[in-house]
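In what follows, a single structure is set out as structure tokens and then discussed.
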Amino acid sequence: VLWASPLPYVLGAVFNATLGVLGWSQLGARGQAVFQPLVPIAGLLLLLVAPILASRAFADEIRTGTLELLLAIPVGRVRLVLGKYLAVLLTLVAIAAPISLFVLLLNVYGDPDPGPILSGGLGLLLLCAALTAIGLLASSLTASQPVAAIGGLFGVLLLWFAHTGSEALPTGAFLGAFSISERLRGFAGGLIDLTDVTFFFALVVVALAGACAGVESRRWR
Amino acid sequence: MSPRRMMVAIVLVAGALFGLYSGVARSRISWDLTAEGSATLSPQTRRVLGSVERRIEITAFFPRDQVGRVEAATLLERYRKVNRRITFRIIDPSLAPGEAERLGVEGNGSAAVQDVKNPKDIEIAPYTIEIDLTSAIARLLRDVNGTICFTAGHGERDSRDPDAGGLSDARSLLTSNGYRSRVVDLLTSRTVPPSCDAIVVAAPRTRLSTRVRTVLNDRTEASGRILLLGDPAYDIDLTPLSRAWGIRFDRGIVLEGDEGSHLPDDVTAPIVRRYAGGLSFVRGLGPTFFPRAMGLKVARARDPGLTVTPVALTSELAYLDRDDVSEFDPKVDGKGPVALGAAADKSAVERPGTSRANIRRTRVLAWGDVDWVSNRFFGDGANARLWLQGIDWLTQPEDLVTAVPNFPKVRELRFTEARSRYMLFLMAGVIPGLFVIAGGLVWALRRGR
């Protein structure tokens, strides 16, 4: 149903056009076959795309009243949420997949280090997973798609910039640990830190658990 | 599921995840996938960062579109991850010229390392790379800054001379890195002032008197820390100052036979890429450049506590031309590789086994050329870094000298104008266009039903 709406196509076109221009300018300025500068650009663009894409998942069902029908069929809440999650995640990955063409061109025109490409790709995949889960959580809490998109965007922006200015606060180190942009930098540079992988995994689980609770709470109203 | 059970389930899941995360964070497991291991900070850097107990702010200056900005942020992030007392920001100098001036940063790509509590304590990293940043942090951590004394009175290169042959740039670099410098005229002064932490003898042109040699040798015997810069252009032999340390200046001109290891069309200007001895101050150093240099001989040390090592070596194809005939004569000339620098170390533990145990460093550094540190060539290659790190090695504790950088290999992108246009067309035109076409087709199909 997601691909039947114009949303993924529009988002895909905008995402790839922006990534294409920014990525091309970065590689051209460097003159080096490196994947590293593409990762934060793609990450920031995914940050804007994911909440919009995920906003429809539950909010639209709630608005049109079809969520009650969904809840009436004998499917567990967790499976329902996981199903929606995988649908949005796969769509997001499909939108971001053309970044692999950059890798192909880098290999044709240069000799890039495969390590940072692998780690950067894994980092982007984990970021997609986390952003989708947060978007889904926002979507499960409201009947309004724009509110879900804005709420999701607010949440992911908060996490993206969690480290900014955190050092000035007594709880700075704690807040800084939630920064997904800081986590992504390690992947971009070629380092896979198990702590970062666990962080993204935990973020996904917490957000999806929250989404389950959000959906379940509809029954209590 | 009741709200209560739901809450309990969420709390349990969150608790389990927190426990999992804490356990993993303690294990510190990570994989560096880069070919050169450049995504991991060197053990030296980690040691220096481990000793940071006050808040330090690193300000790197990069224009928005400058190459290296992302890499600098990634590197600084690694520093921050190791020690949260270290914070960083990246500023566009064109947007904040006052900030660059306040911190004393001149070039793009440089970084200022500042003590947050004492904002006047600033060290400059010439480039935002590991070796420079770690050295700058190490210098900031030192409570006492050294005084470097340049000898005068025998026609030495002047550390205040801004001309091409002068050493004013070398002196400025020392000053901007927390050292004080002064000139000691050995004609008038009967001793080396005790405030001198290291002495630089930069290619004297007139013979050193016996008294001066004795003054310098006594001082070196007591505490080392002397940097000798000889030069084949002058007749003065500095061997009497270095002989006791197993170093002898070998007169002649080094001629480099390897085409890739000298300046184009100038075999007398060797480029050094090979450093020996495992000395911390040359580990991982980039190419350095020694125009018209003489060689150095390293003798087997008789003193068991003395270690003498050639520092910088030419290629195998170089030789030391002793007879001024540009053809290798095995009977006269010295076969390559030729040592252009040598280091002696007689450091020992004082009062071992007591609570006042201390390492006494008596180190000597000698170079067969003075021009590499002159204003004309100081900015070439890694000459400036070699100079500063050499001084650090003479005067500072080992772990505050420098870091081993894991430099990533430069992987050139063979980008022609046509290829560049093709990439832009494909990535910013064709791919988004395919999304638009696919969307249009779906819309048309749905409308047709």
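All values reported here derive from a predicted model rather than from experimental measurement.
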query: In terms of heavy-atom pairs under 4.5 Å with chain A, which of B/T416, B/L426, B/I29, B/I431 leads?
result: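 The candidate making the most pairs under 4.5 Å is B/I29.
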
- prompt: Using a cut-off of under 4.5 Å for heavy-atom pairs, which of B/L413, B/I437, B/L434 has the most such pairs with chain A?
  reply: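 Most heavy-atom pairs under 4.5 Å with chain A: B/L413.
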
Distance from [X] atom [atom1] to [Y] atom [atom2], nearest 0.5 Å?
X	Y	atom1	atom2	result
A/F187	B/L33	CZ	CG	10.0 Å
A/F15	B/F435	CZ	CZ	9.0 Å
A/L191	B/E77	CG	CD	11.5 Å

task: Go through B/R419 and A/Y109 one step at a time and tell me if the side chain to side chain contact (heavy atoms under 4.5 Å, CB included) criterion holds.
output: CA-CA 8 Å; B/R419 285 172 172 179; A/Y109 297 152; 3.5 Å; yes

query: Quick one: does A/T195's side chain get under 4.5 Å of B/K81's, heavy atoms only?
result: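 A/T195 vs B/K81: side chains apart.
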
field: A/D113 side-chain N/O to B/T34 backbone N/O, donor-acceptor pair under 3.5 Å
entry: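 Between the backbone of B/T34 and the side chain of A/D113 there is no qualifying donor-acceptor contact (under 3.5 Å).
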
message: Taking side chain as everything from C-beta outward and backbone as N, CA, C, O, which of these in B/L424 sits under 4.5 Å from a heavy atom of chain A? Side chain, backbone, both or neither.
response: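 Its backbone and side chain both get close to chain A.
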
query: Checking B/F18 against chain A: side chain, backbone, both or neither under 4.5 Å from a heavy atom?
result: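 The answer is neither part of B/F18.
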
message: Ignoring hydrogens, what is the shortest heavy-atom contact between B/A428 and A/A17? Give both atom names and the distance.
response: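 In terms of heavy atoms, the two residues are closest at CB-O, 3.9 Å.
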
query: A/P8 versus chain B, heavy atoms under 4.5 Å apart: side chain, backbone, both or neither?
result: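 It is the backbone, since no side chain atom gets that close.
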
